[in-house]
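Here's the structure we're looking at; comments come further down.
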Amino acid sequence: MRTPLSWLAGRYSLEARSVRLAALVSVLAGIAIILTGGIVRVTGSGLGCTDWPMCTGETLAPTAEMGMHGAIEFGNRLLTGVLCAVVGWVIIAARLQREPAPKVLRGAWAQFWIVVLNAVVGGVTVWMRLSPYIVAAHFIAATLLLTAAVYTWHAAYAGTGDGAAAQEPAGARPSARCRSLSAALVAVTAALVVVGTLATGTGPHAGDSSDVERMPFNWTAVTVVHGVLAASVLVLSWWLRTALPREGEARRKTTVFLAVVLAQGGVGLVQSLTGLPSLAVVLHLLGSALVWVGVLQVHLTVRGRHSGPVDAAGGAPLSGPLSEPART
């Protein structure tokens, strides 16, 4: 069936750099939506707009009487519109490539539907008067959007065939052990993010006022579990770094990831010891987004740095029939 995009693709084409740029902007927009959501929460603007999708029962935008809280909450809603435009840009750029980019296109459409999901969850958050469980789901949905954006960004580079992966020698390719370690690192980091939402749900920044319901957990205990998981991420990432080939891109990305996790841990420690000041909380949210981007980049790079079955000991592709494509 012919669609407007297929009609355009038959007449126009774009360079690979166009989809790379669009994919990068979608990652930045995903980080921005997490950051502005944090600003909404720490400023107590979560109910700045008292309804959804309208800001009030009668108006789409906030009124002057709603003050700064209404402007902050409405600004966060407007960013969702910007995000839709960016995702649309990625879809069009991927569809109009001279060489087909199916992975990029799938990732872009995944972002579109997750944006829709996130908007609905945001509306439910307002309707449920900032229930901490729905707020946590809203953050997880935003993180899921960032996951799809990073996947699309990675695919936009890997799909061109002219990146570092194609130029690395066999000795620089990670082994099967490294791929297992990177998968474990993603799993533990995901647990770290989820437990972080529990710490938020039991903490003082409810998003509107002290009357908003909080999760019935012990904040200190949840924070300790969060810290243990953070330490586990550090250990796993260091272990992965030592196992990776020195010359590979994966090792460089793991080194950067280690630095980001250390910085994020420092911010988390400061905010815990100083009574969770608003600025530190926002910086910690920004750090959580950067940590998630980093671990996905490490995993996708480690997973994608081999072209066939590999030797678990050294990481070099195996020779012989197993490494050759089947002939028909």
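Through direct or indirect side-chain contacts shorter than 4.5 Å among Ile, Leu, Val, Met, Phe, Trp and Tyr, Leu283 is connected to Val267, Leu279.
Across all their heavy atoms, Leu229 and Val188 have their closest contact at O-CG1, 4.0 Å. Residues Ala22 and Ala93 come closest through the heavy atom pair CB-CB, 4.5 Å. Residues Ala137 and Val121 approach most closely at C-CG1, 4.1 Å, considering heavy atoms. For the residue pair Cys84 and Val115, the shortest heavy atom distance occurs at SG-CG1, 3.6 Å. Listed here is the closest heavy atom pair of Arg177 and Trp239: NH2-NE1, 2.9 Å. Considering all non-hydrogen atoms of both residues, Asp51 and Arg77 come closest at O-NH2, 2.7 Å.
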Candidate pair Thr189 and Leu185, rule side-chain contact (heavy atoms from CB on, under 4.5 Å), full reasoning: CA-CA 6 Å; Thr189 306; Leu185 182 60; 4.1 Å; yes
Pair Gln297, Phe257 - check side-chain contact (heavy atoms from CB on, under 4.5 Å), show working. CA-CA 9 Å; Gln297 276 285 293; Phe257 175 68; over 6 Å; no
Please walk me through it: do Thr220 and Thr223 pass side chain to side chain donor-acceptor pair (under 3.5 Å)? CA-CA 5 Å; Thr220 301; Thr223 302; over 6 Å; no
Carefully, step by step, assess Ile134 and Trp127 under the rule side-chain contact (heavy atoms from CB on, under 4.5 Å). CA-CA 10 Å; Ile134 308 299; Trp127 293 340; over 6 Å; no
Apply side-chain contact (heavy atoms from CB on, under 4.5 Å) to the pair Phe74 and Met66, showing each step before the final yes or no. CA-CA 11 Å; Phe74 189 68; Met66 299 172 75; over 6 Å; no
Please determine whether side chain to side chain donor-acceptor pair (under 3.5 Å) holds for the pair Ser182 and Arg303, giving the CA-CA distance in whole Å, both sets of side-chain angles, and the decisive distance to 0.1 Å. CA-CA 8 Å; Ser182 73; Arg303 189 186 67 175; over 6 Å; no
Criterion side chain to side chain donor-acceptor pair (under 3.5 Å) on Thr36 and Asn76, from CA distance to verdict: CA-CA 6 Å; Thr36 57; Asn76 188 52; 2.7 Å; yes
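In terms of modelled atom types and a separation under 3.5 Å, the side chain of His284 and the main chain of Gln271 share no donor-acceptor contact. A distance-only check finds a donor-acceptor pair linking the side chain of Arg251 to the backbone of Leu244 [under 3.5 Å]. Ser45 places no side-chain N or O within 3.5 Å of a backbone atom of Arg41 that could act as its donor or acceptor partner. In terms of modelled atom types and a separation under 3.5 Å, the side chain of Ser237 and the main chain of Leu234 share a donor-acceptor contact. Side chain of Arg214 to backbone of Pro132: no donor-acceptor contact under 3.5 angstrom is found.
Pro277 has its side chain within reach of Thr274: a pair of non-hydrogen atoms, C-beta onward, lies under 4.5 Å apart. By the 4.5 Å heavy-atom criterion applied to side chains, Asn218 and Thr202 are not counted as neighbours. In this structure the side chain of Val87 reaches within 4.5 angstrom of the side chain of Ile91, judged on heavy atoms. Using a 4.5 Å cut-off on side-chain heavy atoms (C-beta onward), Trp153 and Arg20 make no contact. Contact of the Thr254 side chain with the Trp238 side chain is not registered, since no non-hydrogen atoms from C-beta on lie closer than 4.5 Å. Residues Val126 and Thr50 form no side-chain contact, since every pair of their non-hydrogen atoms from C-beta on lies 4.5 Å or further apart. Using a 4.5 Å cut-off on side-chain heavy atoms (C-beta onward), Thr301 and His154 make contact. Taking 4.5 Å as the limit, every side-chain heavy atom of Glu73 sits out of range of all side-chain heavy atoms of His69.
By the criterion of side-chain heavy atoms lying less than 4.5 angstrom apart, applied directly or through intervening Ile, Leu, Val, Met, Phe, Trp or Tyr residues, Trp109 is not grouped with Val19; the two fall into different hydrophobic clusters. Residues Val261 and Val235 do not share a hydrophobic cluster, defined by chaining ILVMFWY side chains whose heavy atoms lie under 4.5 Å apart. Linking ILVMFWY side-chain heavy atoms closer than 4.5 Å, directly or via other members, places Val195 and Val295 in a single hydrophobic cluster. Both Val225 and Met215 are part of a single hydrophobic cluster, where members link through side-chain heavy atoms under 4.5 Å apart. Linking ILVMFWY side-chain heavy atoms closer than 4.5 Å, directly or via other members, places Leu286 and Leu258 in a single hydrophobic cluster.
Side-chain contact of Thr147 with Trp292: a donor-acceptor pair under 3.5 Å is present, judged by distance alone. Between the side chains of Gln264 and Ser288, no donor-acceptor pair of N or O atoms lies under 3.5 Å. No hydrogens or angles considered: a donor-acceptor pair under 3.5 Å links the side chains of Thr59 and Thr56.
Taking 4.0 Å as the cut-off between side-chain N and carboxylate O, Arg98 and Glu15 count as a salt-bridged pair.
A distance of 12.5 Å separates CD1 of Ile39 from CD1 of Ile34, quoted to the nearest 0.5 Å.
In this structure, Met54 places its CE atom where more than 12 heavy-atom neighbours from other residues, nucleotides or ligands lie under 6.0 Å away. Atom CH2 of Trp219 sits in a crowded spot, with more than 12 heavy atoms from other residues, nucleotides or ligands closer than 6.0 Å.
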